Amino acid sequence: MTDLSGRTAIVTGASRGIGLGITEALARAGCRVAAVATSESSAEKGAAAARDAGGEALAFAADVRDGARADEVAKAVMGEWGRIDVLVNNAGITRDGLLMKMSDEDIDSVIDINLKAALFWSRAVARPMIKGRAGSIINVSSIVGLMGSPGQSNYAAAKAGLFGITRSLAAEFGARGVRVNAIAPGYIKTDMTADLPDEVKQKSLAGIPMGRFGEAADIANGVLFLASDASSYVTGTTLVIDGGMSL
Ligand code: NAD
């Protein structure tokens with residue numbers, strides 16, 4: 001079992017779905033987790049799940065689009081725990097639609113939350129990580145960023161952009177001991193996919209060689225690997241966790 005005792009992590013979008021699964025898995029591995037979500041109550045939900053899983057936790061309400069708030073959270077975590085070992089840029093949204101019907105707001109919000117926020121939060125943890133000469137930043141992208149997807153051009157742009165951030169920061173921070181990697185999930189059962197029409201779900205399932213949708217725990221296992229010393233020579237890469245959907 002992965003042992004992350006003594007380490008600390010910040011997880012954005014920790015209140016539900018994949019972020020909640022990651023928060024619980026990190027806590028179970030002994031990591032202290034700062035759970036970030038849009039409201040006090042949702043952040044507290046993530047933190048409570050981490051405590052239930054046996055870990056120490058802090059809760060922070062933050063809109064990930066707010067760069068100044070990212071700095072505040074990083075400062076508060078440093079004040080409380082004195083180190084930041086892991087950042088998981090997980091918060092994300094979809095605003096699907098054909099491009100001709102997509103509003104400016106559909107484009108801006110998806111780019112801001114899925115892409116720009118990863119720069120803000122990575123910048124916020126960079127100094128403490130570099131000072132500690134260790135750290136792992138994990139960007140939760142999507143296979144849509146690799147493959148493209150009709151009706152998701154805004155989301156695909158944001159998720160593909162995360163690969164650029166991942167590779168650039170891996171090169172920028174590599175000599176300082178800070179690793180930066182991405183995870184590209186396929187179809188994972190969460191609130192994000194719950195409302196898709198049945199016909200879309202069936203079509204997606206038919207395209208997954210492993211014959212099942214993914215669970216949040218499948219992504220959390222990838223995060224544990226990238227957060228731990230088991231991946232100490234891995235940086236700038238993308239771990240695809242999709243049951244073969246992108247093949
Ligand atoms: P979800 O909708 O269940 O959860 C998203 C989380 O992000 C929530 O906690 C939400 O509160 C948070 N969030 C949204 N906007 C925010 C903001 N402005 N500030 C702070 N937090 C915000 O979705 P999920 O399925 O758990 O997705 C998690 C990540 O995984 C996302 O980045 C998503 O794009 C990615 N992903 C999901 C799937 C899938 O099939 N579910 C596939 C590939 C990638």
Side-chain angles (χ1 to χ4, degrees), residues 10-25 33-50 59-70 72-73 87-96 105-106 108-118 120-121 124 138-149 152 154-163 165-166 182-196 200-201 203-205 207-208 212-220 222-223 238-243 245-246:
I10 297 175
V11 180
T12 67
S15 61
R16 61 173 204 234
I18 291 172
L20 183 62
I22 291 169
T23 297
E24 288 169 334
V33 185
V36 176
T38 40
S39 66
E40 299 281 350
S41 60
S42 56
E44 193 41 55
K45 202 177 144 210
F60 294 96
D63 185 324
V64 288
R65 287 172 284 197
D66 182 348
R69 182 69 182 134
E72 276 172 21
V73 170
L87 166 68
V88 186
N89 284 312
N90 165 78
I93 60 161
T94 49
R95 292 284 180 275
D96 297 350
E105 158 65 13
D106 291 335
D108 287 340
S109 59
V110 167
I111 302 279
D112 288 351
I113 293 172
N114 293 278
L115 181 61
K116 254 172 85 178
F120 291 153
W121 289 76
I138 300 162
N139 295 316
V140 180
S141 178
S142 167
I143 58 166
V144 168
L146 294 167
M147 304 168 69
S149 168
Q152 292 196 295
N154 51 354
Y155 185 73
K159 293 306 195 185
L162 281 177
F163 299 132
I165 292 178
T166 299
I183 290 182
Y187 187 122
I188 311 299
K189 279 195 283 179
T190 66
D191 289 351
M192 188 177 267
T193 46
D195 292 338
L196 290 171
V200 174
K201 287 184 184 161
K203 211 174 148 205
S204 299
L205 188 58
I208 302 174
R212 69 167 176 90
F213 294 129
E215 306 284 341
D218 293 313
I219 307 307
V223 168
T238 298
L239 180 57
V240 176
I241 305 179
D242 69 347
M245 193 177 186
S246 57

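Note that ligands are numbered from 1 as they come in the structure, with each ligand's atoms numbered from 1 the same way. Here the structure is a predicted model, which is why all the values come from computation and not from measurement.
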> For atom 12 (C) of ligand 1, which protein heavy atom lies nearest, and how many Å away is it?
Replying inline: Gly13 CA, 3.7 Å
> So is there a nitrogen or oxygen of Asp63 less than 3.5 Å from a nitrogen or oxygen in ligand 1?
Replying inline: yes
> With Asn89, which of Asn139, Ile10, Leu115 fulfils side-chain contact (heavy atoms from CB on, under 4.5 Å)?
Replying inline: Asn139
> Which bit of Thr190 is near ligand 1, meaning a heavy atom under 4.0 Å away: side chain, backbone, both or neither?
Replying inline: side chain
>> Suppose we measure from atom 13 (N) of ligand 1 to each protein heavy atom; which comes out shortest, and what is that distance?
In response: Ala91 CB, 3.9 Å
> Do any N or O atoms from the side chain of Asn90 and from the backbone of Thr12 form a donor-acceptor pair under 3.5 angstrom?
Replying inline: yes
>> Just to be sure I read this right, does ligand 1 sit under 4.0 Å from the backbone of Ala62, its side chain, both, or neither, counting only heavy atoms?
In response: backbone
> Based purely on interatomic distance, does Asn90 place a nitrogen or oxygen under 3.5 Å from a nitrogen or oxygen of ligand 1?
Replying inline: yes
> ligand 1 and Lys159, any nitrogen or oxygen pair closer than 3.5 angstrom?
Replying inline: yes
>> Among residues at least two apart in sequence or on other chains, which ones pass side-chain contact (heavy atoms from CB on, under 4.5 Å) with Ala184?
In response: Ile143, Leu146, Phe163, Thr238, Val240
>> One residue to check: Ile113. Relative to ligand 1, which of side chain, backbone, both or neither has a non-hydrogen atom less than 4.0 Å away?
In response: side chain
> Tell me: protein heavy atom nearest atom 1 (P) of ligand 1, and distance?
Replying inline: Arg16 NE, 3.4 Å
> So which heavy atom in the protein is nearest atom 38 (C) of ligand 1, and how far is it from that ligand atom?
Replying inline: Gly186 O, 3.9 Å
> Looking at atom 9 (O) of ligand 1, what's its closest protein heavy atom, distance included?
Replying inline: Ser15 OG, 2.9 Å
> Which protein heavy atom lies closest to atom 40 (O) of ligand 1, and at what distance to 0.1 Å?
Replying inline: Ile188 N, 2.8 Å
>> For Ser141, which part has a heavy atom under 4.0 Å from ligand 1: side chain, backbone, both, or neither?
In response: backbone
> atom 5 (C) of ligand 1: which of Gly21, Ala61, Gly17, Gly92 has the nearest heavy atom?
Replying inline: Gly92
>> A side-chain contact here means heavy atoms from C-beta on lying under 4.5 Å apart; do Arg212 and Asp218 qualify?
In response: yes
> Which atoms form the tightest heavy-atom contact between Lys159 and Asn114, and what is the distance?
Replying inline: NZ-OD1, 3.2 Å
>> I need the nearest protein heavy-atom contact for atom 34 (O) of ligand 1: residue, atom name and distance, please.
In response: Tyr155 OH, 2.5 Å
>> Using heavy atoms and a 4.0 Å limit, tell me yes or no: is Lys189 in contact with ligand 1?
In response: no
> Non-hydrogen atoms of Val140 versus ligand 1: any pair closer than 4.0 Å?
Replying inline: yes
> Looking at Thr193, which atoms of ligand 1 are within less than 4.0 Å of one of its heavy atoms?
Replying inline: 39 (C), 40 (O), 41 (N)
> Which atom pair, heavy atoms only, marks the closest approach of Tyr187 to Thr193?
Replying inline: OH-O, 3.5 Å
> Given that the side chain starts at C-beta and the backbone is N, CA, C, O, which of these parts of Ile93 lies under 4.0 Å from ligand 1, counting heavy atoms, or is it both or neither?
Replying inline: side chain
> What residue and atom, counting heavy atoms only, is the protein's closest point to atom 16 (C) of ligand 1, and at what distance?
Replying inline: Thr38 CG2, 3.7 Å
> Can you tell if the side chain of Phe120 reaches within under 4.5 Å of the side chain of Arg69, non-hydrogen atoms only?
Replying inline: no
>> Using a 3.5 Å cut-off on N or O atoms only, is Val64 in polar contact with ligand 1?
In response: yes
> Do any nitrogen or oxygen atoms of Ala37 come within less than 3.5 Å of a nitrogen or oxygen of ligand 1?
Replying inline: no
> Purely on distance, is any nitrogen or oxygen of Ile18 under 3.5 Å from one on ligand 1?
Replying inline: yes
> Got a sec, which residues hit side-chain contact (heavy atoms from CB on, under 4.5 Å) with Ala160, two or more places apart in sequence or on another chain?
Replying inline: none
